[in-house]
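First comes the structure, then the notes that go with it.
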Amino acid sequence: MKIAEVIVDVSAYPVDRPFDYSIPETMEELIECGCRVKVPFGNRDILGFVVAIKNETEVPPDKLKPISVLLDIEPVLTGEMLELAKWMKRETISYEIDCLQAMLPSALRAKYEKMVILETDVKNLEEPLQPFFQHATKVDYKEFEKDGLLIPLKKALKMHLLSIENVVKQKGKIKEVRKVKIAADQNLLQMIYEGLSNRAKKQKQLVLWMQKHVGEIMEPEVIHEETTCSPQVLQAVIELGAAEYIFEEVYRNPFKKDVEKTDFLTLTAEQETALKDILDAMDKGSPETFLLHGVTGSGKTEVYLQAIQHCIQQGKEAIVLVPEISLTPQITNRFRSRFGEQVAVMHSGLSVGEKYDEWRKVHQQKVKVVVGARSAVFAPFENVGLIILDEEHESSYKQEDSPRYHARDVAIWRGKFHQCPVILGSATPSLESYARARKNVYKLLTLKERALKQPLPSVEIVDMREELKKGNRSMFSEKLADSIRDRLKKKEQIVLFLNRRGYSSFVLCRDCGTVMQCENCDISLTYHRYNEKLKCHYCGYEQPVPTNCPECGSEHIRYFGTGTQKVEEELTKLFPEARVLRMDVDTTKRKGAHEAILEDFGAEKADILLGTQMIAKGLDFPNITLVGVLSADTSLHLPDFRAAERTFQLLTQVSGRAGRAEKPGEVIIQSYTPEHYAIQFAKEQQYEPFYKKEMMMRHEAAYPPYYYIALIQVSHEDVMMSAEYAKRCADYLRSSLSFDASIIGPTTAGIVRLQNRYRYQCLIKYKIEPNLIPTFLQLMKIYRTEWIKKGIVLTIDLNPTMI
DNA sequence: ACAGGACTCACC
DNA sequence: GTGAGTCCTGTG
């Protein structure tokens with residue numbers, strides 16, 4: 001008898017291991033590793049993944065159960081993915097099932113539904129229950145819940161008049177279209193033709209026409225059009241057997257429009273050199289990691305495109321990762337225009353079904369290239385020849401919840417598995433990666449010049465303290481206002497960037513100084529004008545704007561801070577003639593809104609584009625000649641050791657939006673701390689000196705890349721409990737790790753109370769700590785077997801992006 | 001004596 | 001995670 005090892009769809013510590021199931025004979029020939037199955041687990045059916053097949057088991061026969069349903073004839077996960085999941089599980093301290101699920105589109109996840117089944121005659125049921133079973137013997141449990149009929153339901157269950165069945169379904173569906181298949185037999189058609197009475201003129205005409213299209217498959221609409229026959233006529237002919245309906249799988253099309261084919265651009269000498277190194281590695285089949293450091297506008301994408309071309313020519317596939325926010329049609333179209341139908345695109349803007357279809361294109365080997373956000377790193381190609389991570393420094397490559405994997409690490413793992421190179425590209429590499437490149441762990445490739453030899457835009461810093469002294473209390477310095485006026489006159493375009501983090505507008509009572517706070521978190525609420533509500537960005541809590549202060553009852557309530565909406569107001573006041581487009585969370589919530597705004601701006605339907613982080617990247621319009629950063633410092637003073645790095649990266653990226661074509665660009669950065677090195681070096685657009693300075697700072701403070709860090713968070717509804725167990729954590733770590741590791745804390749987390757839970761954290765800095773993962777696994781074990789019962793929640797984040 | 005709630009355990 | 005089984009308490 002064959003036995004399958006199955007990882008079951010339950011994220012919990014005691015079941016985070018394979019369970020053995022016997023394989024029924026009917027499945028023996030079909031089942032493979034990586035297939036999804038339905039298995040009985042406890043007293044219900046759940047989903048699971050087959051991770052191994054073997055001939056014997058230790059499980060006593062009376063406990064062994066058979067797999068109930070095989071869900072895939074073709075496995076959804078390759079052997080590589082199963083192995084990768086095991087590695088990820090250990091590397092990120094998470095459950096194997098979560099790792100496996102992370103690799104698949106959500107459409108393949110299980111949907112569990114409770115159904116209530118009628119076991120008797122309807123008349124035997126209590127009055128209120130009867131209507132449910134008038135027309136069906138199976139009714140969704142939720143219906144009873146909704147109508148508050150759980151009590152009579154429970155009674156009926158007890159009396160066995162009804163029973164409950166748990167059903168497992170897949171979330172996503174494969175889309176099918178109905179087509180007409182004309183009979184392949186010419187003689188049959190002839191016979192049908194002859195059998196038709198002369199009065200059936202239209203039918204005769206249709207069958208005659210079909211004889212010219214024997215065996216063809218076409219859409220009904222096409223037939224109607226070609227033959228001017230009504231659907232009824234077609235239906236009649238089909239009933240005679242001249243044709244049949246068939247259902248064909250189709251892919252939903254997530255692209256709004258087709259793109260024109262583009263050709264290769266001529267490379268500069270620098271691009272040529274970089275490309276050559278990459279191609280060599282591909283030819284040798286060497287799993288090298290390259291760091292492609294190219295200034296904004298240096299044509300990194302063209303290097304990617306030509307490397308991918310080479311990859312396809314070798315008969316292999318390529319994965320391109322792009323940060324979510326810059327996954328605009330502008331970017332994806334560059335890949336589609338070069339490689340056409342061979343490209344699949346994966347990002348969060350797609351519907352569940354669309355994502356599923358793009359995934360299936362890859363799974364069925366219908367495409368050669370995937371362009372997508374973080375999770376596309378799991379694209380199920382079997383013959384990967386190249387993996388690219390664009391904007392390598394972006395923090396969105398790290399998943400913020402379990403499994404907390406970093407796409408960069410997964411990419412490098414897959415590169416090793418497939419013996420292929422990985423390219424990390426950025427104008428402002430993360431310090432970690434740049435340090436590795438300097439130590440020759442990665443191979444550094446540099447593009448110093450812009451591809452069209454345009455000069456980098458000139459950058460000017462305006463000291464806002466001086467403006468204040470001059471009596472200018474607006475958010476636009478004189479210099480910036482003048483420049484905006486100038487561009488408006490010249491009909492050139494402007495991008496204004498508002499560094500939003502920590503800058504959202506809060507609401508304050510002017511009499512008692514109370515700031516409106518979230519009920520569940522220690523964080524001030526943000527004012528949203530479009531629906532006149534106050535919102536918590538952390539837990540989603542919402543309330544209407546109060547007319548009186550909840551503390552003192554005063555009516556003197558004021559909105560503070562500079563949200564994009566406020567900037568927009570002031571902008572229209574100052575430049576009434578300017579057409580302003582605002583791009584932020586509010587205006588891009590609707591699907592496709594993001595694209596629509598950029599399209600309008602590209603078509604020069606507006607003069608000024610005002611936005612947050614999301615406009616910092618990928619924006620490539622020739623007519624932008626001025627970029628203004630309203631306040632450079634807001635991200636600088638966050639309590640995070642990466643604050644300077646982030647600010648530098650952001651300013652450099654934003655500056656890169658200006659002067660990308662013939663017209664020279666100008667950048668104006670407003671700041672209250674213009675002397676800060678992150679701002680000064682961003683002005684010079686010099687990465688190297690910034691890197692040196694920042695490395696010094698990191699060295700002094702013992703932060704990455706000199707040390708690795710791990711963050712342990714403990715939370716509980718009760719402050720004391722939280723503090724107590726955080727202390728226990730720290731004590732445990734101190735006793736288990738070497739003296740070289742320093743354990744900081746427990747300290748309170750950045751936001752002490754979140755969703756009504758108090759949070760403490762420990763930070764671990766270490767260099768080489770062979771015992772680290774085992775220690776964490778042990779800590780996790782203690783937590784999951786003891787502390788979890790007390791209501792403690794503990795998370796471990798290795799290499800966190802924010803602390 | 002028994003219902004209902006907290007707690008523990010196993011799930012193949 | 002979740003239902004089943006156990007123990008325990010409160011109530012009539």
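Residue numbers start from 1 in every chain, and the chains themselves are labelled A, B, ... in the order their sequence lines are given, proteins ahead of strands. Below, each value reflects all heavy atoms present in this structure, side chains not excepted, and no hydrogens, waters or symmetry copies.
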**Q.** Rounded distance in Å - CZ (Arg44(A)) to C1' (dG3(C))
**A.** 8 Å
Q | Atom pair distance, as rounded to whole Å: CD in Glu165(A) and P in dG3(C) | A | 15 Å
(Q) Tell me if a side-chain donor or acceptor on Gln130(A) pairs with a main-chain N or O of Leu125(A) at a distance below 3.5 Å. (A) yes
Q) When we call it a touch if two heavy atoms are under 4.0 Å apart, what does Pro14(A) touch: a base, just sugar-phosphate, or nothing? A) base
Q) Rounding to a whole Å, what distance do you find between Ile788(A):CD1 and dC7(B):C1'? A) 15 Å
**Q.** Any donor-acceptor pair under 3.5 Å from Glu769(A) side chain to Ser738(A) backbone
**A.** yes
(Q) Do Cys521(A) and Arg753(A) have side chains that approach each other closer than 4.5 Å (heavy atoms only, starting at C-beta)? (A) no
Q: Could you please name the option among dG3(C), dC11(B), dC12(B) that lies closest to any side-chain atom of Val15(A)?
A: dC11(B)
Q) Is Asp20(A) touching bases, backbone alone, or none of the nucleic acid, heavy atoms closer than 4.0 Å? A) base
Q. Between dG1(C), dC11(B), dC12(B), which nucleotide gets closest to the side-chain atoms of Val59(A)?
A. dC12(B)
Q: For Asn166(A) and dG1(C), give me the distance from atom CG to atom P, rounded to whole Å.
A: 17 Å
Q | Atom pair distance, as rounded to whole Å: OH in Tyr21(A) and P in dC12(B) | A | 5 Å
(Q) Does dC7(B) have OP1 or OP2 under 4.0 Å away from a side-chain N or O of Lys789(A)? (A) no
Q. What is the distance from OH of Tyr13(A) to C1' of dC11(B), rounded to the nearest Å?
A. 16 Å
**Q.** Short side-chain donor-acceptor distance under 3.5 Å, Tyr251(A) and Gln364(A)
**A.** yes
Q: Provide, to the nearest angstrom, the distance between the NZ atom belonging to Lys63(A) and the P atom belonging to dA10(B).
A: 8 Å
Q.
Nearest whole Å is fine: how far is dT2(C) P from Ile164(A) CD1?
A. 14 Å
Q. Which part of the nucleic acid, if any, lies within reach of Phe41(A) when heavy atoms closer than 4.0 Å are counted: base, sugar-phosphate only, or nothing?
A. base
Q) side chain to side chain donor-acceptor pair (under 3.5 Å) between Ser524(A) and Gln517(A): does it pass, once the steps are laid out? A) CA-CA 4 Å; Ser524(A) 46; Gln517(A) 293 241 321; 5.1 Å; no
Q.
Side-chain N or O of Asn43(A) versus OP1/OP2 of dA4(C): is the shortest distance under 4.0 Å?
A. yes
